[in-house]
Amino acid sequence: DEFQMLTDAGEDTIFVDTATGFSVNQEVMDSISDEEIAKNKSSREDLVEQKAVEVGNIFSLGTKFSEPLELNFKNEAGENTPVIMGSYGIGVSRLMGAIVEALSDEKGIVWPESVAPFKVHLIQIGGTEAGERAEKLYKDLSAKGIEVLFDDRDARPGEKFADADLIGIPYRAIIGDKVPEGSVEFKMRTDQDAE
């Protein structure tokens, strides 16, 4: 079995019945019978060709590895019997690429919070006072276990904002000379405006 994510950037071709969710990889389409398709409450006519990325799979290894390694168990009769093995794999790099492909926008990546490399992108804009306030916020968030990417580069605000959109961290916090003390300008990556 394969776990596929539909995307135009995919390298696999699969046939999908959008009503039932049944799908078949092009590699096995010619060898599958109409009866097998019907068992899945579908028909060849209902299958639509789409592009996809394989992000995981399950397959049987049988005793291919257990026999040479003498990986056995005692059966009910007390006889050594090779373990029947299987494999469940998730392609982490493929999964990350699929997420980027599915969720990016014209500005860059939009990481879901559950897999984002950081939760907050902290941007410091301005001089010493803003730097001190941003450093304090960075330490406070880090102390609470919140992973923060801290952009304290000497760069223009527009460049920092564009880079933040490109990187795609879920939440953006801005400390700057124009942000009143005790306040933070906050924006979700997917929102248009900051609060």
Side-chain angles (χ1 to χ4, degrees), residues 1-14 16 21 23 25 50-59 61 85-195:
D1 291 326
E2 295 176 341
F3 296 90
Q4 296 271 2
M5 187 189 99
L6 299 177
T7 173
D8 290 335
E11 74 281 355
D12 277 352
T13 300
I14 62 172
V16 181
S23 58
N25 193 305
Q50 297 196 13
K51 299 300 268 176
V53 172
E54 180 183 338
V55 294
N57 55 48
I58 301 173
F59 54 92
L61 297 170
M85 299 174 69
S87 173
Y88 175 73
I90 295 177
V92 177
S93 59
R94 286 174 162 269
L95 188 57
M96 298 305 274
I99 289 169
V100 168
E101 199 56 52
L103 300 178
S104 318
D105 62 17
E106 66 283 351
K107 296 177 184 176
I109 299 171
V110 180
W111 288 115
E113 189 174 330
S114 58
V115 296
F118 300 92
K119 188 170 185 175
V120 175
H121 194 148
L122 174 59
I123 299 175
Q124 173 195 328
I125 299 173
T128 306
E129 181 195 348
E132 290 171 0
R133 289 172 40 219
E135 185 70 35
K136 180 180 182 321
L137 180 59
Y138 172 77
K139 288 178 180 175
D140 289 348
L141 291 171
S142 296
K144 293 181 186 286
I146 298 171
E147 294 178 318
V148 180
L149 175 62
F150 186 7
D151 186 349
D152 60 352
R153 297 176 295 158
D154 183 21
R156 296 183 327 270
E159 182 180 351
K160 289 185 177 190
F161 297 153
D163 288 348
D165 283 338
L166 188 63
I167 294 169
I169 306 303
Y171 304 101
R172 181 184 309 169
I174 301 163
I175 298 282
D177 293 334
K178 295 180 181 178
V179 178
E181 188 165 348
S183 297
V184 174
E185 188 175 297
F186 181 81
K187 178 183 177 297
M188 292 182 63
R189 169 59 179 83
T190 53
D191 287 348
Q192 292 299 316
D193 300 315
E195 299 179 18

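Heavy atoms only: backbone and side chains are in, while hydrogens, waters and symmetry mates are out. All of these numbers come straight from a predicted model, not from anything done at the bench.
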Could you pull out every donor-acceptor pair under 3.5 Å between side chains of residues 138-148 and any protein atom, sequence neighbours left out?
unit_1, atom_1, unit_2, atom_2, d
D140, OD2, K136, NZ, 2.8
S142, OG, Y138, O, 2.9

Could D105 and R189 be called an ion pair, given the rule that one side-chain N must be under 4.0 Å from one carboxylate O?
yes

Quick check: closest heavy atoms across V53 and G10, and the distance to 0.1 Å?
CG2-CA, 3.5 Å

By salt bridge (charged side-chain N to carboxylate O under 4.0 Å, His left out) - contacts of D163 (at least two apart)
R153

With rounding to the nearest 0.5 angstrom, report the CG to CE distance, L61 to M85.
6.0 Å

K160 side chain near I174 side chain, heavy-atom distance below 4.5 Å:
no

Could you please spell out the steps behind the side chain to side chain contact (heavy atoms under 4.5 Å, CB included) verdict for L95 and F3?
CA-CA 10 Å; L95 188 57; F3 296 90; over 6 Å; no

Please report the shortest heavy-atom distance between D177 and G126, naming the atom on each side.
OD2-CA, 3.2 Å

Classify the angle between the aromatic ring planes of F186 and Y171 as parallel (below 30°), tilted (30 to 60°) or perpendicular (above 60°).
parallel

A98 and V55: which non-hydrogen atoms are nearest, and at how many Å?
CB-CG1, 3.9 Å

Under the side chain to side chain contact (heavy atoms under 4.5 Å, CB included) criterion, do L6 and K51 qualify, and how do the steps go?
CA-CA 6 Å; L6 299 177; K51 299 300 268 176; over 6 Å; no

Show me, pair by pair, the donor-acceptor contacts under 3.5 angstrom made by side chains of residues 127-135, not counting sequence neighbours?
unit_1, atom_1, unit_2, atom_2, d
R133, NH1, V179, O, 3.3
R133, NH2, V179, O, 2.8
R133, NH2, P180, O, 3.1

When rounded to the nearest 0.5 angstrom, what distance separates NE2 in H121 from CD1 in I169?
7.0 Å

Counting C-beta onward and ignoring hydrogens, is there a side-chain heavy-atom pair between L137 and F150 closer than 4.5 Å?
no

Measuring from N57:CG to I90:CD1, what's the distance to the nearest 0.5 Å?
9.5 Å

Under 3.5 Å, is there a donor-acceptor pair between the side chain of W111 and the main chain of I167?
yes

When rounded to the nearest 0.5 Å, the distance separating NZ of K107 from CG of L166 is 12.0 Å

Checking the side chain of R94 only, and the main-chain atoms of E54 only, is there a donor and an acceptor separated by less than 3.5 Å?
yes

Atom CD of E195 with >12 non-hydrogen neighbours under 6.0 angstrom:
no

Might you point out which heavy atoms bring Q124 and D152 nearest each other, and give the distance in Å?
OE1-CB, 3.4 Å

Are V184 and I175 close enough that some pair of their side-chain heavy atoms sits under 4.5 Å apart?
yes

Looking only at atom types and distance, does a side-chain atom of K119 sit under 3.5 Å from a main-chain N or O of E113, one as donor and one as acceptor?
no

Within this structure, what is the CD-CG distance for the pair Q50 and D12, rounded to the nearest 0.5 Å?
13.0 Å

Atom pair CZ/CG of R172 and L149 - distance to nearest 0.5 Å:
11.5 Å

